[in-house]
Colleague: 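The structure's right below; bear with me while I get my questions together.
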Amino acid sequence: MAYWLVKSEPDAFSWEQQVLNRIEPWTGVRNHMAKNNLKAMAKGDRAFFYHSNIGKEIVGIVEVVRTAYPDPSIEPGEKGDWVCVDMKALRPFKTPVTLAALKADPAFADLPLIRMSRLSVSPVSDAHWHAICALGGTKP
DNA sequence: GCCAACGTTGGC
DNA sequence: GCCAACGTTGGC
């Protein structure tokens, strides 16, 4: 099983909405690196749900329940083979893990979230996954 | 609101 | 195909 991190501005789509809807398509990715990460996701993979801009913290865990398929949010005339996946809310963090906390710990210096702050879908290593779950007060 | 990082566009 | 200009993202 692989691990990932997905970012959303809570103004547009928040963890609370994800929990309410339970299963939700992760649409709107318009970056090739992020798209490739979406395509690499397998059913059962887990991802951290990160709130950008407002909060700037990881708030929960989602599970991939449907692998990449064409993004229905593509506008007519829009170019590109953009895809989305379906995510299911799994469990919240007991304690949200803030960007500041991750930045303060050298163990996370090579986390893509920190190294490439604009990438909206990024991989997370096993070691980072377990460490961040521990900080969040939840089981991996 | 500002600015750095980075992707995209368009002139040459 | 290079590179400057511009737009967008996201932290501060």
Side-chain angles (χ1 to χ4, degrees):
Chain A
M1 187 202 311
Y3 300 112
W4 310 90
L5 182 144
V6 293
K7 298 198 295 189
S8 183
E9 298 190 23
D11 273 355
F13 182 67
S14 69
W15 169 256
E16 287 71 24
Q17 288 170 267
Q18 175 78 53
V19 169
L20 280 176
N21 299 356
R22 277 193 44 81
I23 294 178
E24 184 71 14
W26 198 271
T27 60
V29 169
R30 293 295 182 274
N31 169 283
H32 290 287
M33 217 180 305
K35 179 196 73 179
N36 289 338
N37 288 331
L38 285 179
K39 284 186 165 181
M41 288 182 183
K43 210 172 167 179
D45 280 1
R46 305 276 166 89
F48 289 134
F49 193 116
Y50 174 79
H51 276 168
S52 64
N53 272 319
I54 302 167
K56 283 167 287 180
E57 57 194 9
I58 298 170
V59 289
I61 298 175
V62 288
E63 179 179 330
V64 177
V65 293
R66 182 178 172 188
T67 54
Y69 61 99
D71 185 340
S73 77
I74 297 176
E75 303 281 340
E78 195 176 353
K79 291 255 183 177
D81 56 337
W82 305 114
V83 298
C84 62
V85 300
D86 287 356
M87 298 287 204
K88 182 179 80 174
L90 208 60
R91 56 177 166 272
F93 273 17
K94 196 180 293 175
T95 314
V97 176
T98 64
L99 181 66
L102 293 173
K103 280 191 160 178
D105 188 339
F108 300 113
D110 55 348
L111 194 69
L113 173 70
I114 289 167
R115 296 192 55 182
M116 307 173 65
S117 65
R118 288 184 55 190
L119 184 60
S120 59
V121 182
S122 57
V124 175
S125 70
D126 282 19
H128 283 153
W129 182 269
H130 285 84
I132 292 170
C133 284
L135 290 175
T138 190
K139 57 185 176 170

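Everything numeric in this text was worked out from a predicted model, so none of it was measured. Proteins get letters first, then strands, A, B, ... in listed order; numbering begins at 1 in each. When reading the values below, keep in mind they use all heavy atoms of this one structure, side chains included, and skip hydrogens, waters and symmetry mates.
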Colleague: Can you check the A/N53 CG to B/dG1 P distance for me, whole Å?
Modeller: 14 Å
Colleague: For A/F48 and A/W129, take the angle between the two ring planes, folded into 0 to 90°, and tell me which bin it lands in: parallel under 30, tilted 30 to 60, perpendicular over 60.
Modeller: parallel
Colleague: By the 4.0 Å heavy-atom rule, please label A/K103 as base, sugar-phosphate, or nothing.
Modeller: sugar-phosphate
Colleague: Please give, in whole Å, the distance from B/dT8 P to A/K35 NZ?
Modeller: 11 Å
Colleague: Side chain of A/L99, heavy atoms from C-beta onward: which of B/dA5, C/dC12, B/dG7 has the nearest atom to it?
Modeller: C/dC12
Colleague: For A/A89 and A/V62, work out which heavy atoms get closest and say how close.
Modeller: CA-CG1, 4.0 Å
Colleague: Please lay out, stage by stage, how A/R118 and A/N31 fare under the test side-chain contact (heavy atoms from CB on, under 4.5 Å).
Modeller: CA-CA 10 Å; A/R118 288 184 55 190; A/N31 169 283; over 6 Å; no
Colleague: How many whole angstroms separate atom CZ of A/R118 from atom P of B/dA4?
Modeller: 14 Å
Colleague: Are A/D71 and A/K35 within salt-bridge range, i.e. N to O under 4.0 Å?
Modeller: no
Colleague: Starting from C1' on C/dG7, measure out to CG on A/N31 and report it in whole angstrom.
Modeller: 14 Å
Colleague: From the set B/dT8, C/dG7, C/dG11, return the single nucleotide nearest to any side-chain atom of A/H32.
Modeller: B/dT8
Colleague: Return the value, rounded to whole Å, for the distance between atom CZ of A/R30 and atom P of B/dT9.
Modeller: 13 Å
Colleague: Take the protein atom CZ of A/R115 and the nucleotide atom C1' of B/dC6, then report the distance between them rounded to whole Å.
Modeller: 15 Å
Colleague: Provide, to the nearest angstrom, the distance between the NZ atom belonging to A/K7 and the C1' atom belonging to B/dA5.
Modeller: 11 Å
Colleague: Does A/Y50 make a side-chain N or O approach to OP1 or OP2 of C/dG11 shorter than 4.0 Å?
Modeller: yes
Colleague: Distance check: side-chain N/O of A/K56 vs OP1/OP2 of C/dG10, anything under 4.0 Å?
Modeller: no
Colleague: Quick one: A/M33 CE to B/dC6 C1', roughly how many Å, whole number?
Modeller: 9 Å
